[in-house]
2 protein chains.
Amino acid sequence: MADHAHHDGPPLTRNQQAVLAALKGADKPLTAYDVLGLPAIRKAGMKAPLTIYRALDKLIDQGLVHRIESLNAFVHCGHGPHDHATGFLICTDCGRTLEVHLESCETHLAGRAREQGFAVDNVRVEMTGRCPECAARAAAS
Amino acid sequence: MADHAHHDGPPLTRNQQAVLAALKGADKPLTAYDVLGLPAIRKAGMKAPLTIYRALDKLIDQGLVHRIESLNAFVHCGHGPHDHATGFLICTDCGRTLEVHLESCETHLAGRAREQGFAVDNVRVEMTGRCPECAARAAAS
DNA sequence: CCAAGAATGTAATGATATAACGTTTATTGT
DNA sequence: ACAATAAACGTTATATCATTACATTCTTGG
C-alpha cells in the first residue's frame with residue numbers, strides 16, 4: 001500500500017509526513033509549538049518553528065490538516081480531503097474536537113453572504129461547548 | 001442622550017469608551033496593537049497592550065465588540081448587543097468585514113452538533129471572499 | 001468614612017508566526 | 001546523464017499577539 005492511500009496530491013516529504021503523523025497520533029488539536037516539542041519530531045531532525053509551519057502549510061493546502069482559528073492549533077482531517085466546508089465542535093472541558101461536514105449549511109451561509117453582494121471563497125465554522133463524554137461527566141457530578 | 005443608548009450593562013469606563021470609539025471609527029477590524037497605536041488612545045493615557053486587552057475583554061463580555069479569530073482583530077458590533085450567532089464576511093482584498101446575523105443558520109448548525117451529542121454554547125462563523133466593491137473592481141480590470 | 005471589589009498602571013515575559021538568506025534536494029527538459 | 005529550474009529545508013533573528021504578577025487608584029455600598 002502506498003503511503004498516501006486517500007490522497008492524489010504530490011507525495012509528502014519527510015517533514016510533512018512527520019508532522020501529519022504527529023497530528024494523527026494526537027487526541028486533540030496541537031499548536032505548532034506542541035508539535036515542535038514532540039520527541040518523534042525532534043528525532044526527525046526538526047528543531048525550528050518555521051520547519052513546522054512550513055510543513056503545516058503544505059498539509060493544509062492539500063486538505064490533510066485543518067487549522068482551528070480560535071485555538072491557534074492544527075488537527076488532522078479524519079475524513080480525507082474534501083471540498084465542502086467543515087465545522088469544528090470544540091469541547092471547552094477536554095479540548096478535543098469533532099469535525100462535522102456542512103454540505104447543506106454551506107449553501108445557506110454562502111447564500112446569506114450573496115445577499116450582501118459578497119462572493120465567498122471559504123467558510124469556517126467553530127462551535128464551542130461540551131462533548132458527549134464531558135457533558136455526561138458534568139451531569140453525573 | 002445617555003452615553004450608552006442601546007446598552008443596559010454597567011456604564012463604560014474611560015478606557016472602555018476610548019477603545020470602543022476607536023473601533024467605531026475604524027473602517028475595518030483593528031488588532032489590539034493597532035488600537036494601542038492610535039493617537040486618540042495615547043491621548044487617553046493608555047500605553048500598554050494589557051490596557052487595551054482589558055478594555056476589549058469587557059466590551060466583548062457586553063456584546064459591544066466581536067473578536068475575529070482568523071484576523072486576531074476586533075470590530076465594533078454595529079447591531080448592538082444580540083444573542084443569536086453572528087457571522088463575518090471578511091474581504092481578502094480590502095480587509096473590511098461585514099457582519100451577518102444567523103438566526104436561522106444557528107439552529108441548523110447547532111442541530112448538526114446535537115446529532116453528535118454535543119452541547120453547543122457558542123457558534124462562530126467566518127467567511128472570506130470579496131466584498132461588493134472589490135469584486136466589482138476586480139471584474140472591471 | 002471605610003472596607004471590598006473593580007479597574008488601572010507598569011514591567012516583564014510568554015506564546016504564536018514570519019522574514020531573510022543561504023544550502024540542499026527533487027523535478028524537468030534535452 | 002546533465003544542466004536548469006523549482007521546491008523544500010536549515011538557521012538565525014525578529015515580528016506579532018497575549019498574559020502573568022504585583023502594586024496602586026478608583027468606585028461603590030454599608
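We name chains A, B, ... by the order of the sequence lines, and we start the count at 1 in each one.
Going from atom CD1 of A:I68 over to atom C1' of C:dT16 covers 16 Å, rounded to whole Å. In this structure, the NZ atom of B:K58 is 11 Å from the C1' atom of C:dG5, given to the nearest Å. Remark: C1' of C:dA15 and CG of B:N72 are 11 Å apart, rounded to the nearest angstrom. Between the CD atom of A:E69 and the P atom of C:dT16 there is a distance of 14 Å, given to the nearest Å. One can place OH of A:Y53 at 7 Å from P of C:dT16, the figure rounded to the nearest angstrom. For the pair A:R14 CZ and C:dT25 P, the interatomic distance rounds to 12 Å; values are reported in whole Å. Rounded to whole Å, the distance from CG on B:D61 to C1' on C:dA7 is 14 Å.
Put simply, chain A comes within 4.0 Å of DNA chain D, heavy atom to any atom, from D:dA8 to D:dT12, going 5' to 3'.
Mapped onto DNA chain C by nearest heavy atom, B:K47 and A:P49 fall at different nucleotides, with B:K47 at the one closer to the 5' end.
B:I60 and B:L71 fall into different hydrophobic clusters, defined by Ile, Leu, Val, Met, Phe, Trp and Tyr side-chain heavy atoms under 4.5 Å apart, directly or through other members. Cluster membership for A:F118 and A:V123, using ILVMFWY side-chain heavy atoms within less than 4.5 angstrom, is shared. Hydrophobic clustering of Ile, Leu, Val, Met, Phe, Trp and Tyr side chains at less than 4.5 Å, counting indirect connections, unites B:V100 with A:L102.
B:I52 contributes atom CD1, which lies 12.5 Å from atom NZ of B:K47 (distance to the nearest 0.5 angstrom). Atom CG of residue B:L89 and atom OG1 of residue B:T97 lie 8.5 Å apart, to the nearest 0.5 angstrom. Here B:E126 contributes atom CD and B:T86 contributes atom OG1; the two are 9.0 Å apart, rounded to the nearest 0.5 Å. The structure places CZ of A:R112 at 5.5 Å from OG of B:S104, a figure rounded to the nearest 0.5 Å.
Of the candidate nucleotides C:dA19, C:dT16, C:dT8, C:dA19 has the atom nearest to the side chain of A:L50.
For C:dT25, neither phosphate oxygen OP1 nor OP2 lies less than 4.0 angstrom from any side-chain nitrogen or oxygen of A:T13.
Between B:H108 and A:H108, the two ring planes are tilted [angle within 30° to 60°]. Ring-plane geometry between B:Y53 and B:F74 is classed as perpendicular, the angle between the planes exceeding 60 degrees on a 0 to 90 degree scale with a lower cut at 30.
Within 4.0 Å (heavy atoms only), B:R67 reaches sugar-phosphate atoms of the nucleic acid but no base atom.
Within residues 22-43 of chain B, no residue has a heavy atom under 4.0 Å from DNA chain C.
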